Amino acid sequence: MSPGVLNGEATVGADVPRQKSKATPDTLRVGCIAMVEKEGQARRAEILSIKEAKSGRQFYCNFDNFNKRLDEWVPVRRIDFEQDVEWPNPEKDKPKDNKSKTAGAVASNKKKAANKNPKRLHKREQSVISEATTPHPWTDFVDNQKTPSTPLDLDSTKATATPVGGGDEMDLDDDDEQGDVKKEDEGGFSREKEIEKLRTGGSMTQNPTELARIRNISRVQFGEWNLFPWYFSPYPEPFTLEDEIYICEFCLNYYADHKSFVRHRHRCTLHHPPGNEIYRDDYVSFFEIDGKRQRTWCRNLCLFCKMFLDHKTLYYDVDPFLFYVMTQKTEKGHHLVGFFSKEKESAEGYNVACILTLPQYQRKGFGRLLIQFSYELSKIEGKLGSPEKPLSDLGLLSYRQYWSEVILDLLIESSEREEKTSIESISTSLAMMTVDVEHTLQALKMQVYHKGEHKLVIPEALIARREKDKLKAKRYIAPERIQWKPPVFTASSRTWGW
Ligand code: ACO
Ligand code: ZN
């Protein structure tokens, strides 16, 4: 089985019988399912868009059992016209926007989509597309209830960042570690099963427009990196027609033209994110930035990050958010590594709205630092926090790893000191919402019911695994280095109270 491919049921197209017959490059249309060559094999693929490129007609395909990140434009020669295509059912599979048939139409839709964005949406609408109540991500996994949609290719991060000048592809694999936890009895869940499940979970997007299903930027030059976006991001129309766009890694302004970009770089005076540095150690710094005070920078950040975040729509109304931006310093300045955004006031008690490690830094422990930082802030605030739902596939993996690790460490320490623990005490010590604690304990099979009582037990295998894990030289945030007081906002402005 090649990476990202499932031996399983088809996932493209609606679950109803379709008419089948031969098509030609001229009759093949949006919504059709055809056999398209990918990685040397013919695979079912849904045509999401069609454009006339200089080299000829191209079809944007979403492949069966492949993560949405691997959608791509294909030329006519990769489509097997010898085989029948499945035609869209007039009502059931009607493409949501028929105009997305040509590149021009895609572009004009883009304008429409941009225009549809009211100047100020309600903050909830901005930060997450759907209000749909999602089961707890972990329960969802454990109960195995989720319907497979587009599977996750856990290797797909590999090809998404290369150093400018054609450096080697980054090796983001972590086979050893994944190999550590194979047997289900070792901790209640198996890594293999988990990854398989996430493959079938895939994209979390709930954005119904066809437009947002199509990646619109091909390549981004960002500092010394070439980045290959995963998802649609609403950059202005002319940018989507370029093979490569240029983003200043400090002010995050974007340029379609190399000359203008070079001119800008000579003039740009920013060398760190435009906020207060609230944390520094010998590895990373954190800056706090108010969306209202640094609107342009934060909007630029959101636009940039949307290319790697499937299901969040925060890009216009940044005022209600604070941004915690993690950087690494060189003689050139503070380079953006990752960030999380946080609502100034979250009715649901979320301590993270969006979280992202830039692709070139992923799988190196930075996500863990971001997550730990978010909980350290919650500890200082004296609140319990949780990330905004739904979590993405990678978000879920990272949070589960963090939750398991910190809960296990706390329980091992408490048992050494013979202290009593409860879900509430764990929750308070770690500033984690009790629901996340509960689900982590359940997933790790640490809760037992004995003689009419719920008890917490730590399976030996988990202790052994944690000990092994500790041998890896992981980085942690040193809480005592955080120089931060919870900001106070005036109700009217939701900005700094001074
Ligand atoms: N495959 C398997 N496990 C993974 C993967 C992966 N591709 N990525 C992360 N993990 C797990 C691992 O258990 C890892 O720990 P380990 O390396 O000790 O095994 C753990 O997550 C943490 O990994 P980090 O290297 O610390 O995380 P990273 O820097 O890669 O950042 C993040 C994680 C932020 C989720 C990153 O993948 C990302 O930016 N993804 C795209 C954006 C996204 O999906 N964000 C979350 C959206 S949900 C929300 O915003 C609330
Ligand atoms: Zn700049």
Side-chain angles (χ1 to χ4, degrees), residues 3-4 67 69 127-128 134 137 152-158 160 170 172-181 191-192 194-195 198-199 202-205 222-223 229-231 246-255 260-271 274 296-297 300 305-312 314 326 333 337-342 350-372 374 385-405 465-466 468-470 472-476:
N67 189 277
R69 277 173 219 152
S127 59
V128 63
T134 329
L152 164 68
D153 173 9
L154 291 161
D155 290 337
S156 69
T157 48
K158 262 191 187 169
T160 56
M170 286 177 64
L172 297 162
D173 266 347
D174 198 6
D175 294 336
D176 280 349
E177 288 157 32
Q178 292 183 10
D180 281 353
V181 194
R191 182 80 181 208
E192 272 183 347
E194 172 185 336
I195 288 173
L198 284 161
R199 278 198 178 128
S203 160
M204 299 284 291
T205 192
F222 183 81
W230 299 348
Y231 306 117
Y246 308 88
I247 298 182
C248 172
E249 63 165 325
F250 296 112
C251 69
L252 309 179
N253 282 348
Y254 38 93
Y255 299 87
S260 323
F261 171 65
V262 172
R263 217 175 312 134
H264 165 79
R265 284 299 306 136
H266 282 122
R267 282 202 302 248
C268 184
T269 52
L270 208 59
H271 295 287
T296 306
W297 194 89
N300 284 348
C305 293
K306 177 64 192 70
M307 293 190 286
F308 305 100
L309 269 161
D310 194 12
H311 63 302
K312 302 282 183 175
L314 168 74
M326 184 170 65
V337 172
F339 83 103
F340 64 87
S341 57
K342 178 171 176 170
Y350 294 138
N351 62 356
V352 164
C354 288
I355 184 165
L356 177 101
T357 301
L358 297 192
Q360 67 271 35
Y361 295 104
Q362 286 177 11
R363 291 314 308 270
K364 293 170 188 292
F366 289 110
R368 197 212 176 276
L369 292 180
L370 287 166
I371 294 172
Q372 187 194 343
S374 71
S386 184
E388 189 174 287
K389 313 298 176 309
L391 290 172
S392 69
D393 45 20
L394 295 172
L396 176 57
L397 277 172
S398 308
Y399 267 96
R400 289 170 53 186
Q401 172 72 18
Y402 175 82
W403 291 332
S404 309
E405 197 178 297
R465 193 174 91 196
R466 185 68 192 120
K468 199 170 160 199
D469 198 41
K470 277 186 183 166
K472 291 185 213 158
K474 277 198 185 176
R475 299 274 183 170
Y476 299 94

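Everything quoted here is computed from the prediction, not taken from an experiment. Ligands are counted one by one from 1 in listed order, and the atoms in each one are counted from 1 as well.
Within the listing of ligand 1, atoms 50 (O) sit less than 4.0 angstrom from a heavy atom of C354. Taking every heavy atom of R368 and a limit of under 4.0 angstrom, the matching atoms of ligand 1 come to 26 (O). Listed by atom number, the atoms of ligand 1 under 4.0 Å from L391 heavy atoms are 48 (S), 51 (C). Each of the atoms 24 (P), 25 (O), 26 (O) of ligand 1 lies under 4.0 Å from some heavy atom of G365. Residue contact check: W230 has heavy atoms under 4.0 Å from atoms 41 (C) of ligand 1. Of all atoms in ligand 1, numbered sequentially from 1 with element shown, those under 4.0 Å from a heavy atom of E388 are 51 (C).
Contacts of L309 with ligand 1, taken as heavy-atom pairs under 4.0 Å, involve the side chain alone.
Nearest heavy-atom pair across C305 and L356 is SG-CD2, 3.4 Å.
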Inset, instruction - Begin from the C-alpha positions of K364 and V337 and carry the test side-chain contact (heavy atoms from CB on, under 4.5 Å) through to its verdict. - result: CA-CA 11 Å; K364 293 170 188 292; V337 172; over 6 Å; no

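Contact analysis puts K474 in contact with ligand 1, with a non-hydrogen atom separation below 4.0 angstrom.
Protein contacts to the Zn ion (ligand 2) involving N, O or S atoms at a distance below 2.8 Å are C248 SG, C251 SG, H264 NE2, C268 SG.
Ring planes of Y361 and F366: perpendicular class, angle over 60° (limits at 30 and 60°).
Between the CZ atom in F250 and the CZ atom in R265 there is a gap of 6.0 Å [rounded to 0.5 Å]. Atom CD of residue E249 and atom NE2 of residue H271 lie 10.5 Å apart, to the nearest 0.5 angstrom.
Considering Y254, Y255, Y246 in turn, Y255 is the only one that fulfils the ring pair (Phe, Tyr, Trp, His ring centres under 6.0 Å) rule with H264.
Ranked by closest heavy atom to atom 49 (C) of ligand 1, the top entry among G395, S404, A353, P387 is A353.
Every N/O-N/O distance between P390 and ligand 1 stays at or above 3.5 Å.
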